[in-house]
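Following: one structure in structure tokens, then a few remarks.
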Amino acid sequence: MSEINDNVILEAKNLGISFGNNHVLKCVNFELYKNEVLGVIGPNGAGKTVMLNILTGILKPTKGVILYEGKDISHHSVPRRCHEGIGRTFQVPRPFEKMTVLENIMVGGVFGAKLTEKQAKEKAVEIAETIGLQDKLPLFASKLGLLDRKRLEIGRGLATNPKILLLDEVGGGLTETEVGYVIDLVKHIKERGVSVIWIEHIIRTMLEGTDRVLLLAEGENVICGKPLEVMQSKEVSAVYMGGDEE
Ligand SMILES: Nc1ncnc2c1ncn2[C@@H]1O[C@H](COP(=O)(O)OP(=O)(O)OP(=O)(O)O)[C@@H](O)[C@H]1O
Ligand SMILES: [Mg+2]
């Protein structure tokens, strides 16, 4: 068993959260393995973003614990978790509009990874190559189109030097070709040794871009397994199509 546990980088145990009478997460359990891309699907309002906010410390769960590299980080602050290696993107990209692409990525390095300005700049240039924004470094973020904003969002997350990167719908609103680009980018990030949790509604991203898929619905982890098996499961059809098992 210890062999298996050594491969676990993050573990969510019995996570629950309520907003008044809205019991968004009742009991969520899952593990993220080292060097894995774990896809997360679930209907609108299922609590996927809430779960990311709990993992990063923005929201406090009403119950449950989060183990990161075997340690309970449930009470660590947002910046501490970021320094410890949990990076994220936001569902709605929110770059500093009046800063350049370079400066936006540098912010992640200076505040997230505690780099000096010089180090952060070198790192930002390298990240810009990775995310395909190397020719747009001097542009203001406000000038970027949606794909580039999503790329920048990923770049800002990468600049914090994460061991785990949490992606919240980075493919949303993109064209087929652009989605293909994001799938390749996530693969590349994984090859760099980063574990990824990737929330997305687009089926193709889950089938082509993840190692396992977790279905979140009714406040619980319903099923988790190989992407194709999960996508074709009766649990997924029941949740999305309202079908039942007769
Ligand atoms: N800070 C908050 N205060 C009160 N309720 C909240 C808060 N954040 C989220 N909720 C509620 O929690 C539920 C889950 O929201 P969440 O944004 O996590 O859904 P989601 O699964 O990410 O959906 P989508 O696929 O549309 O992004 C919703 O009913 C939402 O209104
Ligand atoms: Mg969401």
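Along the sequence shown, residues carry numbers from 1. Start at 1 and go down the list; that is how both ligands and their atoms are numbered.
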Could you go through the salt bridge (charged side-chain N to carboxylate O under 4.0 Å, His left out) check for R151 and E178 one step at a time?
CA-CA 10 Å; R151 284 166 153 158; E178 290 171 342; over 6 Å; no
Ionic contact status for E122 with K118, cut-off 4.0 Å
yes
Between the side chains of T130 and R192, is a donor N or O closer than 3.5 angstrom to an acceptor N or O?
yes
Is the closest N or O pair between G42 and ligand 1 shorter than 3.5 Å?
no
Do the side chains of R149 and E97 get close enough for a salt bridge, i.e. N-O under 4.0 angstrom?
yes
Under 4.0 Å between heavy atoms, the region of M51 that gets near ligand 1 turns out to be neither
Do you reckon V179 sits in the same ILVMFWY cluster as L207, going by side-chain contacts under 4.5 Å, direct or chained?
yes
First locate atom CD of E153, then atom CG of D168, and finally report the distance between them rounded to the nearest 0.5 Å.
9.5 Å
Any G45 heavy atom less than 4.0 Å to ligand 1
yes
Relative to F90, does R156 satisfy both conditions: NZ or CZ under 6.0 angstrom from the six-membered ring centre, and within 45 degrees of the ring's axis?
no
Closest protein heavy atom to atom 2 (C) of ligand 1, given as residue, atom name and distance to 0.1 Å:
F19 CE2, 3.5 Å
Contact atoms of ligand 1, heavy-atom distance to N22 under 4.0 Å:
29 (O)
Tell me, please, if Q91 has any N/O/S atom, main chain or side chain, under 2.8 Å from the Mg ion (ligand 2)?
yes
Let me know which of K190, K34, K226 forms a salt bridge (charged side-chain N to carboxylate O under 4.0 Å, His left out) with D211.
K190
Flag if over 12 foreign heavy atoms under 6.0 Å of CD1, I203:
no
So the atoms of ligand 1 within less than 4.0 Å of a heavy atom of H201 turn out to be 25 (O)
Distance to 0.1 Å, residue and atom name: give those for the protein heavy atom nearest to atom 18 (O) of ligand 1.
V50 N, 2.9 Å
Which atoms of ligand 1 are found less than 4.0 Å from any heavy atom of V24?
12 (O), 13 (C), 14 (C)
Can you check whether a protein heavy atom sits less than 4.0 angstrom from atom 31 (O) of ligand 1?
no
Short N/O distance, under 3.5 Å, between G47 and ligand 1?
yes
For ligand 1, is there an N or O atom under 3.5 Å from any N or O atom of L59?
no
P43 heavy atom under 4.0 Å from ligand 1
yes
What atoms of ligand 1 come within less than 4.0 Å of a heavy atom belonging to Q91?
27 (O)
